[in-house]
Amino acid sequence: MKTEFIPIDYDYFDFEGRNYAKIVGRNEKNKRICIIDSCDVYFWAILKEKTSEKAIKRLQGKIEKIKLDVKGRQTKVEKVEMHKKKFMGREVVALKIFATNYKDLHDIADKLGMPEIEKRRGYDIGFISHYIIEKKLNPLCWYEVEGEVIDNTTKFNGIANSLDVDFCIKAENIVSLKKEEFLPKVLAFDIEADEFKIGEGEILMISLVSDNFKKVITWKKCKNREFPNVECVGDEAELLSRFAEIIKEISPDFITGYFSDGFDLPYIKARADKHKIRLDLGIDGSSIKFSRGVTTTARINGIVHIDLLRFIQSVYSQYMSSETLSLNEVANEFLGEGKKEFEFKHSSKISRDEWEKYFEYNLHDSVLTYRLFEKMWPDLLEFTRIMSEPVFDVSRNGMSTNVGDYILHNLSKFDEIPEKRPTYDEIGERRQRGKYEGAFVLEPKAGLYENLSAFDFTSSYGSVIVTYNLSKSTFLEKPEKDSYSTEISGKKVYFSKTPGFFPQMLKEIIEKRRQYKEELKKKPDAIKKARSNAFKLLANASYGYQGFFGARYYCEEAAAATAAFARQAIREAMEKTNNAGFGVIYADTDGFAFSLNKNSKQKTLDFLKKLNSELPGVMELELEDFYKRGLWVTTRKGEFGAKKKYALITEEGKLKIRGFETVRRDWCVLARELQNNVLLMILKDGDEKRALEHIKKVVKEVKERKIDLKKMTIRTQMKKPLSEYKSITPHVVAARKMQEREIPFSAGSLIEYYIAETKKESKSKLIRDKVKLVDEKGEYNIEYYLKHQILPAIENILQVFNVDINVILDGKKQMTLEGF
DNA sequence: GACTGAACTATACC
DNA sequence: ACGGGTATAGTTCAGTC
């Protein structure tokens, strides 16, 4: 039969020694289908140059006879073919060595110690990735699949009968379709439990939200009572069984949660184990599977589990304004709506009339998660399509893995044999290599400037890699005449001018980004936006990839040369800008801000055009914006202009603040708000008078204890386990207090505390001895907040206007040595 | 006990 | 282990006098 098919979840199994991909997806009628398919498995033996044909034939014969006995399983090399291929851009003769089972590739490769063989490659790619590369059955793309329906047969040990799908096909022919749209069935869920530690408390309720479906299942406090959307069951065991039942009824393509890899699913599994309940959630009746690793990952066969936090964390967080990645903040940023309020208590302490609020709270979390999934879906979809890896993995992978996957799935266009992963020892060596020189940052002269503009290089490092052909395969060990060359740490390095596959791939990525960005401008939609964004992120990550020690195509020289060429590019652009009558104030990495002086906006734009016409390769500068005013300050010590710290305002009054305490989450709200207001007033008015009045008012309020303690809270993240701290800082003290009171926290938690007044007998000068947790009774320490929060936040700003802020803080002129 | 620079720590910029 | 280097700034630590 023939059917349309969109692959969603990939798995594989062995049958009679061979590997088979088992792919679950949907057809055009939204039926759930499983496709069984196989592909050749092989790896490459790259031969030494000048190996004679006779020697190759002899080698081929020798390899074909290899037989293996792996853990009792007999297997052998199936066939050996000779191919002309490329490796690292170089033409090579390679033997393609076919095996029955991909798990044997490594063992066979180990047997190839023959002197004619230079390298063995392609045995370290997972079967699913290998299958996708071979058969080009890309995840979340539409296909027409032709094959035999194997329901109610004994084929593959009757596998089709054990799967909860509409039908199962042994694929014979697969054709790609142009169709793109796909709206999956999604189920969001969230649990509430009594203890934070996995499995240590009871699960009180589980909420589930899908298309036209909202439900809270609970076994608490609902005898003879009814609540909207709440379904009551007898006990926790029944709750878990009902959870599994509903998943079966809804039959979603995706099940999604927020931190569900690390909390909800492990919790559910732990409680199910305790009650000895089998949670057969998978479409093959299997339970939740957890993979070990630094972070646990929860998988359900046939239903893709997406932990939205993981996707946001690995891909999106750096482009977001949320200070934490809590569901509340992230939902606020993306949906304009946060969590419902509910004060957590142990279930035994929740009063009868508070339960309804708890149910609503729980349900709302699932609603937010469901809507967040909808919002993120275009990004998940496009990321998956571009990386060509299953969405389960793409949603969890970091950007270096994404870049690596993109390369792996595009190598065939270049006829390239894949490079291997670095070994443990190689990673060690790479990590030992010292840092290389990175970006250029221009020291600004502190001051308030008027009429500014800023230019940026678009996809700067990516453009540099493309323009100067910087990669592992184009790096020249020996100098060559016609090559790109630069100096890194006093040593000249050379890169071939023959385009390498990595820069070429990147060129395509940057071009696609431009193309989709333009299309987006003409006719905006979520998919185009996601696509343009995915290519942008991919381009930006490619530089980090080449400098990342775990990368297959790691090349420190290329990474260092990228930074070197970028430094040169910005220096030249700055120089030309100054020569054209503008005044460069500040520069960082790939962009710079300058004073227009007497030039008009139009003249500035004309100059930008001229600059661009003179840039090499695909290098391109773009206008960031025009600004009415800009402020640069000195460092705290006052000796130099501070880098990475400035504030700009547009004609429309839009602020752009970088580096100041205002944008740092480890400063109290009082100092941040005050600084933000001061910056706004100064940039709007062009003088400090109104700001000074405001500061005096706030200082007075602080001294009169009129400030809400909430505004004094300091939040600092625990970056590692408590025991590993060498220095006992205020947030470590706060964490120790939390530990004593059994308040849960872990590496990654934000620790909240304030600095309090201490009793007179306490003579300690250490700030940590004044730390109190936010709910601890006490008064904020006036001296600390004035001298350590307010003063540092405004001192250097007012210094620009020659105002000594100490006068305002103390109400008198400070005694200086000279004055004395 | 006061002072000082180094070490440790967190967070931001691009 | 799961992108890179550059930069500011606070608090504690350890040594000196």
Side-chain angles (χ1 to χ4, degrees), chain A residues 293-295 310 313-315 318-319 323 393 396-405 421-422 424 427-428 430-431 434-443 456-457 459-461 537-552 554 556 558-560 562-564 566-567 570 586-592 624 633-637 640-646 656-667 714-720 724-733 750-751 755 763-771 784 787-789 791-793 795-796:
Chain A
V294 187
T295 43
R310 290 280 294 269
Q313 225 166 22
S314 53
V315 170
Q318 60 181 125
Y319 299 91
E323 279 171 21
D393 302 290
R396 288 169 174 79
N397 288 340
M399 280 313 288
S400 76
T401 310
N402 284 334
V403 174
D405 286 339
R421 282 202 198 98
Y424 183 82
I427 289 179
R430 292 175 181 186
R431 296 188 73 179
K435 279 189 179 181
Y436 56 86
E437 191 183 345
F440 165 75
V441 188
L442 177 74
E443 188 201 317
D456 276 342
F457 281 104
S459 297
S460 132
Y461 279 21
L537 295 188
L538 205 51
N540 288 348
S542 58
Y543 156 71
Y545 174 84
Q546 296 203 95
F548 170 52
F549 52 80
R552 285 178 194 260
Y554 168 84
E556 206 204 40
T562 306
R567 288 194 299 270
I570 196 159
Y586 176 64
D588 187 347
T589 313
D590 60 356
F592 57 98
E624 200 207 47
V633 297
T634 64
T635 59
R636 193 77 212 282
K637 285 179 180 171
F640 310 103
K643 298 170 178 181
K644 299 186 186 289
K645 221 171 178 188
Y646 59 89
K656 180 178 177 177
I657 300 179
R658 292 292 121 101
F660 276 110
E661 284 75 5
T662 297
V663 298
R664 292 182 62 97
R665 68 170 181 196
D666 56 347
W667 283 71
I714 297 166
R715 294 176 187 80
T716 312
Q717 190 182 34
M718 296 279 299
K719 304 288 272 188
K720 52 191 175 189
E724 286 176 23
Y725 280 89
K726 290 177 187 165
S727 187
I728 312 307
T729 57
H731 83 293
V732 169
V733 170
L750 270 190
I751 307 296
I755 305 303
K763 280 180 194 164
S764 174
K765 284 196 172 166
L766 295 178
I767 293 161
R768 65 167 177 226
D769 294 325
K770 306 181 207 301
V771 164
Y784 171 81
K787 288 204 170 151
H788 294 255
Q789 293 278 331
L791 177 73
E795 190 176 31
N796 297 111

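This is a predicted model, so every value here is computed, not measured. A note on names: the letters A, B, ... follow the listed sequences, proteins ahead of strands, and every chain is numbered from 1.
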**Message:** Tell me whether A:R768 contacts the main-chain N or O of A:V732 through its side chain, where contact means a donor paired with an acceptor under 3.5 Å.
**Reply:**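 Such a contact is absent between A:R768 side chain and A:V732 backbone.
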**Message:** So that I can tick it off, tell me whether A:E323 and A:R664 are bridged by a salt bridge, with the cut-off set at under 4.0 angstrom between side-chain N and carboxylate O.
**Reply:** no
**Item:** Sidechain N-carboxylate O distance under 4.0 Å for A:R567, A:E437
**Value:** yes
**Asked** Can you find a heavy atom in the side chain of A:T295 that is under 4.5 Å from one in the side chain of A:R396?
**Response** no
**Message:** Contact between A:F548 and A:V403 at the side-chain level, heavy atoms closer than 4.5 Å - yes or no?
**Reply:**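 No - every pair of side-chain heavy atoms lies 4.5 Å or more apart.
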Can you tell me which nucleotide in [options] comes closest to the side chain of [X]?
X	options	answer
A:T716	C:dT12, B:dT9, B:dT11	B:dT11
A:V663	C:dT8, B:dC13, C:dG4	B:dC13
A:F548	B:dT9, C:dC2, C:dG10	C:dC2
A:R431	C:dA1, C:dG4, B:dT11	C:dA1
A:P730	B:dA10, C:dT12, B:dT9	C:dT12
A:R768	C:dA7, B:dT9, C:dC13	C:dC13
A:D588	C:dG3, B:dC14, C:dT12	B:dC14

By the 4.0 Å heavy-atom rule, please label [X] as base, sugar-phosphate, or nothing.
X	value
A:K720	sugar-phosphate
A:A439	sugar-phosphate
A:K435	base
A:Q546	nothing
A:Q789	nothing
A:I427	nothing
A:F660	nothing
A:F549	sugar-phosphate

To the nearest Å, how far apart are [X] [atom1] and [N] [atom2]?
X	N	atom1	atom2	result
A:K726	B:dT9	NZ	P	6 Å
A:F440	C:dT6	CZ	P	13 Å
A:I657	B:dC14	CD1	P	13 Å
A:M399	C:dA1	CE	C1'	17 Å
A:W667	C:dT8	CH2	P	15 Å
A:R552	C:dG3	CZ	C1'	17 Å
A:Y543	B:dC13	OH	P	18 Å
A:N796	C:dT8	CG	C1'	11 Å

**Full working for side-chain contact (heavy atoms from CB on, under 4.5 Å) between A:F592 and A:E624** = CA-CA 9 Å; A:F592 57 98; A:E624 200 207 47; over 6 Å; no
Less than 4.0 angstrom between a side-chain N/O of [X] and OP1 or OP2 of [N], yes or no?
X	N	answer
A:K644	C:dT8	no
A:K645	C:dA9	yes
A:R636	C:dA9	no
A:Y725	B:dA10	yes
A:S400	C:dG3	yes
A:R658	B:dA12	no
A:Y784	C:dT11	yes
A:R567	B:dC14	no
A:H788	C:dA9	no
A:Y646	B:dC14	yes
A:K643	C:dA7	yes

**Asked** Which is it for A:D588 and A:K644 under the salt bridge (charged side-chain N to carboxylate O under 4.0 Å, His left out) test, yes or no, and what are the steps along the way?
**Response** CA-CA 8 Å; A:D588 187 347; A:K644 299 186 186 289; 2.7 Å; yes
**Message:** Please check if the number of heavy atoms outside A:K637 that lie under 6.0 Å from its NZ is greater than 12.
**Reply:**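 12 or below, so no.
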